[in-house]
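Working notes, beginning with the structure itself.
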Amino acid sequence: MPLTEPILISSASTIFSSSIPHLSPSHHRLLRHETQPCNTSRKPFSTLTCQASPTTTPTSNTPSKKLKNRYELENLTTWLLKQEQAGHIDAELTIVLSSISLACKQIASLLQRSSIINLTGAQGTMNIQGEDQKKLDVISNELFCNCLRSSGRTGIIASEEEDVPVAVEETNSGNYIVVFDPIDGSAYIDIALTTGSIFGIYAPDEQGIVSDTLDEAKEKRFVSVCQPGSNLLAAGYCLYSSSVVFTISIGNGVHGFTLDPAYGEFVLTHEDIKIPKSGKIYSFNEGNFDLWDTKLQNYLNHLREPGGPAGKPYSGRYIGCLVGEIHRMLLYGGIYGNPQNEKAKNGNLRLLYECAPMSYLVEQAGGKAIDGVQRILDIQPKQIHQRTPIYIGSPDEIDKLVSYLV
């Protein structure tokens with residue numbers, strides 16, 4: 001049955017009901033009852049008007065923020081190209097960083113399958129520091145070296161697992177100097193706990209490495225690699241845990257990319273990370289407590305005392321993998337320490353491969369890193385495998401530590 005023409009009368013509900021003749025009388029009464037206007041002084045003739053639901057209108061004081069589409073993902077490659085276009089890095093450094101990310105993807109894949117493909121356990125060799133090497137220590141080192149060599153943009157490679165810096169063959173070399181720890185926390189591989197890779201990139205060596213004798217060439221490689229962390233152009237780490245997270249800084253902040261296993265790409269998930277100014281987590285290997293300086297012991301005793309607004313002590317959280325420690329600290333704040341002790345006068349961590357790159361990242365995020373006396377990035381290395389004490393974390397926590405150490 002066709003709809004009848006609506007009759008223009010005083011109630012919008014009557015217009016609706018009279019235009020649909022097949023409604024029952026009870027329905028007509030219901031509509032009239034539920035839509036009675038509050039104002040009894042009605043005009044003899046009214047029309048039905050439509051009004052949009054109220055919305056928040058941006059004012060001049062409220063900047064409009066573009067909502068990000070859930071499908072608008074930015075991967076590492078795209079991000080690097082944008083940085084190159086903006087002039088923050090050059091094309092060669094873009095290629096070097098891409099090659100490092102490829103090595104990290106390969107290492108992540110091997111770690112996930114290590115028990116299945118028999119890559120757990122010791123290799124049966126020792127590195128230059130006298131430490132037993134795991135199978136994946138050796139394999140990961142080769143993966144890093146191969147990716148950097150094939151990039152064609154790397155001149156010198158220095159690894160924690162190598163005795164000396166290695167010069168890339170002249171026919172396939174570039175100028176950038178890359179230092180790295182292929183697997184940090186490799187002791188945890190067999191039990192599937194957190195591990196990671198650390199890297200730092202230095203500027204091209206203007207003097208070059210070409211020399212008349214092998215000894216002179218080796219000496220120049222040492223000089224090229226032994227630079228203070230303040231000279232770093234880029235640094236980062238890759239965390240291998242429940243997620244694979246590639247965190248990087250090229251001197252304009254810290255950014256984190258999570259590996260999407262669905263299509264094998266690092267996707268930007270943590271943009272412009274800023275470390276909290278303070279935190280309630282401290283991380284020290286307290287098994288060495290009795291070997292530490294009395295001033296440091298007093299500081300740690302202070303952290304254990306109830307205090308602060310909540311009346312609670314700091315929480316002790318020791319992972320034992322530097323990558324895991326720094327990753328948590330960047331997001332939650334706090335302090336990590338690997339101090340000198342009676343058995344290790346210079347601490348346990350390597351300056352070039354671990355401390356300098358991580359200090360660079362933390363400072364870029366607004367934190368601080370010291371050796372107890374000076375800034376880590378100001379230390380001039382004298383050896384490629386030099387060790388150093390380190391205290392690193394939120395700026396307020398480092399300042400509090402210094403007040404106890406002075």
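In summary, the side chains of Tyr404 and Asn301 do not present any donor paired with an acceptor at a separation below 3.5 Å, with no hydrogens or angles considered. Residues Gln83 and Asn252 have side chains that bring a donor and an acceptor to within less than 3.5 angstrom of each other.
Between the CD atom in Gln112 and the CD1 atom in Ile117 there is a gap of 10.5 Å [rounded to 0.5 Å]. Atom NE2 in His270 sits 13.0 Å away from atom NE2 in His255 (nearest 0.5 Å).
Classified by interplanar angle (parallel below 30°, tilted 30° to 60°, perpendicular above 60°), the ring pair Trp292/Phe284 is perpendicular.
Using a 4.5 Å heavy-atom threshold, the side chains of Ile107 and Cys238 count as separate. The closest side-chain heavy-atom distance from Leu73 to Leu268 is not below 4.5 Å. Taking 4.5 Å as the limit, every side-chain heavy atom of Asp293 sits out of range of all side-chain heavy atoms of Pro339.
For an aromatic pair to be called close, the ring centres must be under 6.0 Å apart, and Tyr353 with His385 satisfies this.
A search for side chain to side chain donor-acceptor pair (under 3.5 Å) contacts involving Ser99 returns nothing, not counting sequence neighbours.
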>> Applying side-chain hydrogen bond (donor to acceptor under 3.5 Å, both in side chains) to Ser197 and Tyr240, what does each step give before you reach the verdict?
In response: CA-CA 8 Å; Ser197 300; Tyr240 310 115; 2.8 Å; yes

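Looking at Ser150, its side chain does come within 3.5 Å of a backbone N or O of Cys147 through a donor-acceptor pair.
Atom CZ of Phe289 is surrounded by more than 12 heavy atoms from other residues, nucleotides or ligands within 6.0 Å.
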